[in-house]
Amino acid sequence: MDHSTPLLSHTVHGAVDYKGRPLLRSSSGTWSSASFIIGMEVAERFAFYGIGANLITYLTGPLHISMVAAAEIVNVWSGTSMLLTLFGAFVADSFFGRYRTIVFASASYLLGLGLLVLSTANSSICAVPNKSTPCSAPKLQLVLFFASLCLIGIAQGGHRPCVQAFGADQFDDQNPQEAKFKSSFFNWWYFGACSGIVVAIPTVAYAQENLSWSVGFGIPCAAMLTGFIVFLLGTKTYRFTVKQSDKSPFMRVGRVFVASIRNWRASPSRIGKDLSNSQQFKFLNKACIVPIDSNQNATACSISEVEEAKAILRILLIWATLIMFTIVFSQDATFFTKQAATLDRTISSGFTVPAASLEAIISFTIVIFIVVYDLVFVPIAKTVTGNSSGITTLQRIGSGMIISTISMVVASLVEKKRLKTALEHGLIDRPDMTIPMKFWWLVPQYVLNGLADVFTVVGLQEFCYDQVARDLKSVGPAIFISILGMGSILSSLLISIIDSATKGNGHLSWFPDNLNKAHLDYFYLLLSGLSVLSFIAFLFVAKSHVYNR
């Protein structure tokens, strides 16, 4: 016997090491490998939020862009970056694999961050020297700035779906102990990501506003480089999933839809017994039929291929009902930050809290309640429901949607209070003056949004990963992230529509540059109403959902 070859009983089925060799269960994967990957995620989230949390301030400040245009830029950039994860997942699952896609994406990320730092080099120069004319940023600065955002967006597309899926790959579903760890992995994954955000937002925002934008953008670049090195250090311990089929998973799913359309006239009696009992999306069952008039080389789709296609459809139905949740989710980095900038943010020592750093309250809430959820809530709920995870993923998602709706109602009431205070102190026409209202008033809406994320965002991550086939594991996180991206883009579209509809005929828009004349209270109330309708749709879809086992 070759003693260099591990015993079959000690190896991990369906996985190999970085050289393509069978690997021992005891010396690979699980938390030891996942820790390197989580470390990479902590650094990446630090870098991304270090840029994005205060981006609207940079756009309206050094780049001299209006508030509405700046909010649209932030939402479109964030949304497009997230939608690109679908392309990144396709590339990873069909061609390069998750590990190599992460390496390529990280290189693009570092290049984009480097260009962003370079773009701030001449930010103090005004393109229009005439003081009577509004100042605008130099063209070179704008070109470098938007080129850097494009590179970072492309990097996000390859990085985010693959890192999370690659981390979950380190746990074997066929091993009961590791399967239990995988459920906790998504909680601790989000815990790590939010820990990076908690540190990044106040640290980087302070550097940007009190030192320089070059330093403020340089810190995220250094963090990303550190995370990439940490990720590479774990290479020898990682488990690399072996493909179950030589066919592209996307081709398999697409073939099912094409075949079901081609066979739409076929008799149900010709469908196999194993599928005739599958009532949901029955039209896809016809993909298993070989048409009578087809050529001799034609083959029917397998049952597993049909089930893969059905799983994707089930996820997309849930996806559609969560759009409003993600529109609410996207307000944190835009209007919440602009509100905070108008309030009194001084604390007892005389230190002024950067407006963008308040977004860290969301991540801080998540860090605390992830621990409470995993160590307290799940054991208690498990004794009541008998479910190993405490509650189902869809129950977890729905709970967060309710909390998110409440957060918008609270945000509307707080905004009414802010506008009333500005009116009472004669500051309606003085947007440059600080409103004598403490920033603590905004804390409840931040906390509620963080609590909603603990339920819906983490639940959605686990749901999307678990409900797709093994060869499509990068697609699961990509579908989840694309929901957030679509929410950002639709938020931008909704703002544009409302802005156009509410201004004119002597009336101000809901979103003028002077926030003291704005009506964010109306906007938040509208979002809460739409969230209620979205939740009703979610209940309808979730009730008929069939979990993919």
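Quick caveat, the model's predicted, so the values are computed rather than measured.
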| field | CZ-CG distance between Phe535 and Leu539, expressed to the nearest 0.5 angstrom | value | 4.0 Å
| request: Using the ring of Tyr373 (Phe, Tyr or Trp, six-membered ring only), decide whether Arg396 places NZ or CZ under 6.0 Å from its centre and within 45 degrees of its axis. | output: yes
| Are Thr456 and Met401 side-chain neighbours, meaning at least one heavy-atom pair lies under 4.5 Å? | yes
| Going by heavy atoms in the side chains, are Phe335 and Phe511 under 4.5 Å from each other? | yes
| message | Check for me whether the distance between the ring centres of Trp189 and Phe186 falls short of 6.0 Å. | response | no
| Parallel under 30°, tilted from 30 to 60°, perpendicular over 60°: which one fits the rings of His545 and Phe463? | tilted
| said: Surrounding CZ of Phe257 (heavy atoms of other residues, nucleotides or ligands, distance under 6.0 Å), is the total greater than 12? | reply: yes
| task | Check the side chains of Thr85 and Ser482 for a donor-acceptor pair under 3.5 angstrom, ignoring hydrogens and angles. | result | no
| request: Show the numbers, then the answer: is there a side chain to side chain contact (heavy atoms under 4.5 Å, CB included) between Phe369 and Asp453? | output: CA-CA 10 Å; Phe369 280 97; Asp453 288 358; over 6 Å; no
| request: Could you grab the distance from atom OG of Ser491 to atom CE of Met324, nearest 0.5 Å is fine? | output: 8.5 Å
| request: Compute the ring centroids of Tyr109 and Phe48, then answer whether they are less than 6.0 Å apart. | output: no
| query | Any side-chain heavy atom of Phe455 within less than 4.5 Å of one from Ile402? | reply | no
| message | So, taking the atom named CD in Gln331 and the one named CG in Asn449, what distance separates them when rounded to the nearest 0.5 Å? | response | 9.0 Å
| Parallel under 30°, tilted from 30 to 60°, perpendicular over 60°: which one fits the rings of Phe185 and Phe171? | tilted
| request: Report yes if the distance between the aromatic ring centroids of Tyr99 and Phe231 is under 6.0 Å, otherwise no. | output: yes
| message | Quick one, Gln461 with Tyr190, criterion side chain to side chain donor-acceptor pair (under 3.5 Å). Give me CA distance, side-chain angles, the key distance, then yes/no. | response | CA-CA 9 Å; Gln461 289 178 11; Tyr190 206 50; 5.3 Å; no
| field | Rounded distance [0.5 Å steps], OG in Ser531 versus CG in Leu322 | value | 10.5 Å
| task | Determine whether more than 12 heavy atoms belonging to other residues, nucleotides or ligands lie under 6.0 Å from atom CZ of Phe523. | result | yes
| Does atom CZ of Phe96 have more than 12 heavy-atom neighbours from other groups under 6.0 Å away? | no
| Out of curiosity, Ile315 CD1 to Ile479 CD1, how far, rounded to the nearest 0.5 Å? | 4.5 Å
| message | Using side-chain heavy atoms (C-beta onward) and a distance below 4.5 Å, is Ile38 in contact with Phe191? | response | no
| message | Is any side-chain heavy atom of Ile366 closer than 4.5 Å to one of Ile362? | response | yes
| task | Could you grab the distance from atom OG of Ser544 to atom CG of Leu317, nearest 0.5 Å is fine? | result | 7.5 Å
| said: Quick check: do His159 and Ser106 have side-chain heavy atoms less than 4.5 Å from each other? | reply: yes
| query | Would a 4.5 Å heavy-atom cut-off, applied to side chains only, mark Gln467 and Ile318 as touching? | reply | no
